[in-house]
Student: 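Quick one: structure below, then a few questions.
Hydrogens, waters and symmetry mates play no part in the numbers below; they use all other heavy atoms, side chains included. A note on names: the letters A, B, ... follow the listed sequences, proteins ahead of strands, and every chain is numbered from 1.
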Number of protein chains: 2
Amino acid sequence: MNYQEAKEKFISTWGSLGSLWGINKAMAQIQALLFISTKPLSMEDIMEELKISRGNTSMNLRQLMDWGIVTKEIIPGERKEYFTTEKDVEELARHIAKERSRRELKPVLKVLKEVSNIDSDQSEETEELKKQTKALHDLTQQADDMLNKIADQDLNWVTKTFIKIMR
Amino acid sequence: MNYQEAKEKFISTWGSLGSLWGINKAMAQIQALLFISTKPLSMEDIMEELKISRGNTSMNLRQLMDWGIVTKEIIPGERKEYFTTEKDVEELARHIAKERSRRELKPVLKVLKEVSNIDSDQSEETEELKKQTKALHDLTQQADDMLNKIADQDLNWVTKTFIKIMR
DNA sequence: TTAAACTTTCAATAATAATTGAAAGTTTAT
DNA sequence: ATAAACTTTCAATTATTATTGAAAGTTTAA
């Protein structure tokens, strides 16, 4: 396998994994491309490499920025915007863990709490609903705790950033 | 919120969370329905409750059985097949963790290993590809280890099952 | 062995999600 | 102020995935 083949295989595999876990393919592929790029890429670069449209590229780059894993890079003297992704896999994991907790798990926890706390009546059905959704709430809470543990692994982020800026 | 409302809210929310994480809605909803049911349900029951077709129900039940989280229950004297889901959330988590590791993470790990092990050449690009996919491999391996830790939490499964059978 | 009761399969259809591309919007240089 | 260079938006289109329903398949009872 040569460089080009390996690159394509990586990008396509990462895209498929994304789909499997509810992340759109283009988004995952853009991230993958930036992740192995040695320099920031422009929208043109990305469009050309992945053969996707301008609109698609623009929208998915925005989403990646919303997730906090891609940032704009201003290159002095250049009109175009350039993009880079977080290159540190641990930081990447932190951002993703944090966002999935916030967007997806938190709202579900809220519903599970509501449902498991409805008033008891005499019926067996209601008791089962309450009991089982309570158990699911606790499990989901555990999963959420785990994600947040990952997300907070780096409590010295401020310090680290400070050092980066200072040197 | 009364029983019926709570039930519907739970089933619909669980279905949406499923979609978000790459699990088809009907599959998640069938599991949710069984999860709060006080007794095994037939295909008719499920079709009626969720307002989905016979074919859809059949296919998704099969998938749930493949995942190991739903089982057929034979009720003596009944022609119909009845279904139950694993009621213990921890067992549920184990099955899901194990399957997602096996189906989704393992194949990706293989590709990441291949890609990160391509021959070095002089180029910076190749080195970056190797370095970054290696890092991603290690991270994915960590995630996979975590899933398997969950999956194997219950190393005394055999013992437990044995006890269940014996008593 | 037949037929009723039930389940599975799968081609057709529908629903959902991703993608395009061109018009509108923004920024920068002169 | 103007226009070139670039980005964003969004209605229309296309691709993907889920769902239906009826025919084929299977099991059971008599």
Student: For a quick test of reading the model: is some side-chain N or O of A:N56 closer than 4.0 Å to OP1 or OP2 of C:dA18?
Tutor: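 No, outside the criterion.
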Student: Closest heavy-atom contact between A:S101 and A:L147?
Tutor: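 Taking A:S101 first and A:L147 second, the nearest heavy atoms are N-CD1, 4.0 Å.
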Student: Quick one: do the A:W67 and A:Q31 side chains pair a donor with an acceptor below 3.5 Å?
Tutor: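 On atom types as modelled, these side chains do not qualify, holding no pair under 3.5 Å.
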Student: Between A:K130 and A:E127, does the salt bridge (Lys or Arg N to Asp or Glu O under 4.0 Å) criterion hold? Intermediate values first, please.
Tutor: CA-CA 5 Å; A:K130 285 169 66 72; A:E127 289 318 302; 5.9 Å; no
Student: Quick one: is A:R62 getting a side-chain N or O under 4.0 Å of the D:dT7 phosphate, OP1 or OP2?
Tutor: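 No, outside the criterion.
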Student: Please work out whether the ring planes of B:F35 and B:F10 are parallel, tilted or perpendicular, with thresholds of 30° and 60°.
Tutor: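 Tilted, since the angle between the ring planes falls between 30° and 60°.
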Student: Indicate for each nucleotide in nucleotides 22-30 of chain D, in 5' to 3' sequence, whether protein heavy atoms under 4.0 Å reach the base (B), only the sugar-phosphate (S), or nothing (-).
Tutor: -----BB--
Student: If I take atom CE from residue B:M1 and atom CD1 from residue A:I118, how far apart are they, to the nearest 0.5 angstrom?
Tutor: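 Separation between the atoms: 6.5 Å.
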Student: Considering only NZ, NE, NH1 and NH2 on the basic side and carboxylate oxygens on the acidic side, decide whether B:K110 and B:E114 come within less than 4.0 Å.
Tutor: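 Result for this pair is yes, salt bridge flagged.
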Student: Roughly, in whole Å, what's the span from OH in B:Y82 to C1' in C:dA5?
Tutor: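 Rounded to whole Å, this separation is 12 Å.
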Student: B:E78 CD to C:dA4 P: how many Å, rounded?
Tutor: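 Distance check: B:E78 CD to C:dA4 P gives 20 Å.
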Student: Expressed as a whole number of angstroms, how long is the span from A:L61:CG to C:dT19:C1'?
Tutor: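 Going from CG in A:L61 over to C1' in C:dT19 covers 15 Å.
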Student: Determine whether a donor-acceptor pair (N or O, by modelled atom type, separation under 3.5 Å) exists between the side chain of A:S42 and the backbone of A:D45.
Tutor: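 Side chain of A:S42 to backbone of A:D45: a pair is present.
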Student: Consider only side-chain N and O atoms of B:D138 and B:Q142, and report whether a donor and an acceptor are under 3.5 Å apart.
Tutor: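 There is no such pair between these side chains.
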Student: Just the rounded figure in Å: distance from C1' of D:dT20 to NZ of B:K51.
Tutor: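 One finds 16 Å between C1' of D:dT20 and NZ of B:K51, rounded.
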Student: With a cut-off of less than 4.0 Å, is there a side-chain N or O of A:S53 near OP1 or OP2 of C:dT19?
Tutor: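 For C:dT19, neither OP1 nor OP2 has a side-chain N or O of A:S53 closer than 4.0 Å.
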Student: Could you state the CE-P distance from A:M59 to D:dA12, rounded to the nearest angstrom?
Tutor: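 A:M59 atom CE is separated from D:dA12 atom P by 15 Å.
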Student: Nearest whole angstrom, please: distance from the P of D:dT19 to the CD1 of B:I46.
Tutor: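 Rounded to the whole Å, the gap is 14 Å.
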Student: What nucleotide, of C:dT7, D:dT8, D:dG21, holds the atom closest to the side chain of B:M43?
Tutor: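 Of all the options, the side chain of B:M43 is nearest to C:dT7.
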Student: Rounded to the nearest angstrom, tell me the gap between atom CD in A:E81 and atom P in C:dT27.
Tutor: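 From A:E81 CD to C:dT27 P: 10 Å.
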Student: Output the single nucleotide from C:dT8, D:dT19, D:dC10 whose closest atom is nearest the side chain of B:N60.
Tutor: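 Taking heavy atoms from C-beta onward, the closest nucleotide is D:dT19.
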Student: Hydrophobic cluster membership, with links at side-chain heavy-atom distances under 4.5 Å among I/L/V/M/F/W/Y: are A:I30 and A:M59 in one?
Tutor: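 In one cluster with A:I30: A:M59, no.
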Student: Drop me the distance from A:L129's CG to B:T38's OG1, to the nearest 0.5 angstrom.
Tutor: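 Going from CG on A:L129 over to OG1 on B:T38, the span is 11.0 Å.
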Student: For A:F83 and B:I52, find the nucleotide of DNA chain D closest to each by heavy atoms; which residue's nucleotide sits nearer the 5' end?
Tutor: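 On the 5' side of the pair lies A:F83.
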Student: Do A:E128 and B:K39 sit within salt-bridge range, that is, some charged N less than 4.0 Å from a carboxylate O?
Tutor: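 No, no charged N to carboxylate O under 4.0 Å.
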Student: Rounded off to whole Å, could you give me the CD-to-C1' distance for the B:Q63 and C:dT8 pair?
Tutor: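 To the nearest whole Å, that distance equals 14 Å.
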Student: Side chains of A:S16 and A:K25: donor-acceptor distance under 3.5 Å anywhere?
Tutor: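 Distance-only check fails for A:S16 and A:K25.
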Student: Between the two ends of the helix from C:dT1-D:dA30 to C:dT30-D:dA1, what is the bend in degrees, rounded to 10 degrees, where each end axis spans five pairs?
Tutor: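 Inter-axis angle at the termini of the helix from C:dT1-D:dA30 to C:dT30-D:dA1: 20°.
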Student: Which residues within residues 9-38 of chain B lie with some heavy atom under 4.0 Å of an atom in DNA chain C?
Tutor: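 Contacts with DNA chain C under 4.0 Å: none.
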